[in-house]
There are 2 protein chains.
Amino acid sequence: MTEVVTAQAGVLRELRTLIAAGKLGPGQQVVQDSLAASLGVSRVPLREALKVLEGEGQVIYHPHRGYFVADLSVTDLVEVYRIRSLLEDEALRVGVPLLTDEDLEYLEGLIQDVEVAAKSADVTAVTSANRRFHFALFESSNMPRLVRLIRNQWDATDAYRGVYFAAASNLDQMNREHRAMLAALRARDVEKSIALQAAHRENSVSVVSELISKPS
Amino acid sequence: MTEVVTAQAGVLRELRTLIAAGKLGPGQQVVQDSLAASLGVSRVPLREALKVLEGEGQVIYHPHRGYFVADLSVTDLVEVYRIRSLLEDEALRVGVPLLTDEDLEYLEGLIQDVEVAAKSADVTAVTSANRRFHFALFESSNMPRLVRLIRNQWDATDAYRGVYFAAASNLDQMNREHRAMLAALRARDVEKSIALQAAHRENSVSVVSELISKPS
DNA sequence: ATGAACGAGATTGGATACAATCAATCCATG
DNA sequence: CATGGATTGATTGTATCCAATCTCGTTCAT
């Protein structure tokens with residue numbers, strides 16, 4: 001489906017889902033040899049993918065001992081969302097006043113993409129469309145490093161987020177929130193849009209925290 | 001001097017200084033083969049170090065084309081410091097009220113370490129002691145992910161910071177600021193300590209921005 | 001019983017070799 | 001002369017192999 005140009009990129013995606021699905025449980029060592037074999041690649045691309053995850057705090061590296069899955073407790077999750085709010089608020093604070101009319105049209109198009117995906121109940125499509133919308137918005141800040149950090153934080157919990165989109169009621173609410181956000185953006189109402197973004201986050205944090213608190 | 005347990009860790013340090021010194025100039029491709037040879041290692045540890053730098057935004061990766069040194073313009077620098085202020089303010093806001101008397105004693109000891117290093121005019125020692133002080137403070141927040149992000153931001157400009165510490169007048173000012181900070185911490189005065197930390201940042205941003213704006 | 005020294009097995013770290021891809025040049029063609 | 005397509009050299013991506021290190025159980029001395 002989605003093209004993967006390198007093995008490391010493919011492995012990275014696999015690892016994220018393995019961790020989110022609990023196949024690689026918290027605290028567990030990532031044994032490179034067996035995992036690489038089961039993924040059908042050598043250890044080299046696996047190690048490079050692990051370095052990325054280390055940078056995101058998803059795994060912890062001990063030299064000569066290996067990589068261990070970080071445990072994402074509810075405390076951690078709260079911290080991730082707190083960090084997200086610091087960063088996302090700034091992105092909106094800077095970006096919203098800079099939005100052009102063309103930007104707004106483009107953003108509306110992205111919201112429609114999400115709605116279309118939601119109708120077809122394609123969780124993957126919803127996830128990626130939703131992501132495109134929010135990041136298009138963040139990027140209006142013209143702060144690429146800030147956006148990169150926000151992306152890191154999303155990645156740290158992204159794999160869990162699919163669960164949120166699985167329920168139709170959540171999808172409806174999301175679409176309503178997107179529309180409300182668009183209205184606030186059209187009005188260039190910075191504080192309103194920040195508040196809406198915050199509400200949006202809060203919805204998913206509760207779902208995800210339930211998910212990780214009960215051992216699957 | 002400092003022990004390096006793996007080649008990748010050593011290469012990572014080398015790379016940071018190479019970038020900071022401009023030996024690896026902005027936009028320039030990092031040719032793995034020749035660089036690895038000149039560092040006396042194979043490409044494997046080099047690539048892993050590059051992945052770390054990619055995560056920090058120090059280099060940009062294009063699949064099948066390679067790693068390119070990100071250019072750190074003054075605009076970028078301003079962005080880095082803006083991000084730092086978002087994150088560091090939070091760390092202090094959460095951490096300062098939690099400081100115990102033992103923490104304060106420990107922090108004072110770290111400040112003394114900086115002063116000792118400053119007297120002996122050992123730039124490297126000043127840099128690392130200064131870093132230890134600030135991060136000990138940040139860690140009082142008990143937000144490890146937040147601290148990790150702050151550390152990333154420091155790393156993104158750390159190599160440049162040595163210049164700041166080279167001038168004795170800057171050292172004096174730094175020590176005065178540290179003492180002022182300690183007083184604010186003893187009073188558990190959150191806003192004051194945030195303001196002092198901000199001033200501390202501003203001092204170095206101007207020095208570093210001059211450094212990178214004029215081609216060496 | 002306790003703990004230090006040792007060794008076997010497992011695992012990671014790094015070097016080398018080869019495959020895949022890209023970029024730039026050259027040549028053919030219109 | 002411009003354009004498009006093959007070709008070659010350079011560079012990256014990955015697999016495989018060997019070296020270095022750690023873990024853990026065993027042994028031995030105290």
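Just so it is clear: chains get the letters A, B, ... in the order the sequence lines come, proteins before strands, and each one is counted from 1. The figures here come from the full heavy-atom set of this structure, side chains too, leaving out hydrogens, waters and symmetry mates.
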Filtered N/O pairs between nucleotides 6-8 of chain C and protein, under 3.5 Å:
none

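Remark: B/Y81 pairs with no residue by the ring-ring contact (aromatic ring centres under 6.0 Å, His included) rule, at least two apart or across chains. Applying the salt bridge (charged side-chain N to carboxylate O under 4.0 Å, His left out) rule to A/R43 yields no partners; only residues at least two apart in sequence or on another chain are considered. In this view, B/D113 satisfies the salt bridge (charged side-chain N to carboxylate O under 4.0 Å, His left out) rule with no residue, not counting sequence neighbours. Partners of B/E79 according to the salt bridge (charged side-chain N to carboxylate O under 4.0 Å, His left out) rule, which considers only residues two or more places apart in sequence or in another chain, do not exist here. A search for ring-ring contact (aromatic ring centres under 6.0 Å, His included) contacts involving B/Y61 returns B/Y67, not counting sequence neighbours. In terms of the salt bridge (charged side-chain N to carboxylate O under 4.0 Å, His left out) criterion, A/E14 has no residue partners (sequence neighbours excluded). Evaluation of the side chain to side chain contact (heavy atoms under 4.5 Å, CB included) rule for A/R151 yields A/R131, A/F135, A/E139, A/V147, A/D155 as partners, not counting sequence neighbours.
The distance between atom CG of A/L35 and atom P of C/dA10, rounded to the nearest whole Å, is 19 Å. Computed from coordinates, the B/L46 CG to D/dG13 P distance equals 11 Å when rounded to whole Å. Rounding to whole angstrom units, CG of residue A/D33 and C1' of C/dG13 are separated by 13 Å. Distance A/Y67 OH to D/dC22 C1': 16 Å, rounded to the nearest Å. Here C/dT12 presents its P atom at 12 Å from NZ of A/K51, a figure rounded to the nearest Å. Atom CD in B/Q32 sits roughly 15 Å away from atom C1' in C/dG14 (whole-Å rounding).
Here salt bridge (Lys or Arg N to Asp or Glu O under 4.0 Å) pairs that include residues 55-65 of chain B, with residues two or more places apart or in two chains, are B/R16-B/E56. Pairs passing the salt bridge (Lys or Arg N to Asp or Glu O under 4.0 Å) check and including a residue from residues 92-106 of chain B, sequence neighbours excluded, read B/D101-B/R188.
Between B/F138 and B/W154, the ring planes are perpendicular. Angles over 60° get that label, and only those under 30° would be called parallel. Taking the six-membered ring for Trp and thresholds of 30 and 60 degrees, A/H178 and A/H200 have ring planes inclined between 30 and 60 degrees apart.
Backbone-only engagement by A/V30 is indicated by non-hydrogen atom pairs under 4.0 Å involving sugar-phosphate atoms exclusively.
Of the residues near DNA chain D, B/P63 and A/R65, the one whose nearest nucleotide (by heavy atom distance) lies more toward the 5' end is B/P63.
At C/dT12, one or more side-chain N or O atoms of A/Q29 fall inside 4.0 Å of OP1 or OP2 (strictly under the cut-off).
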Open item on the list: Protein within reach of the bases, or only the backbone? For nucleotides 14-21 of chain D, mark each nucleotide 5' to 3' as B, S or -, using heavy atoms under 4.0 Å.
Closed with: BBB----S
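One axis for each end of the helix from C/dA1-D/dT30 to C/dG30-D/dC1, each built from five base pairs, and the angle between them comes to 10° at 10° resolution.
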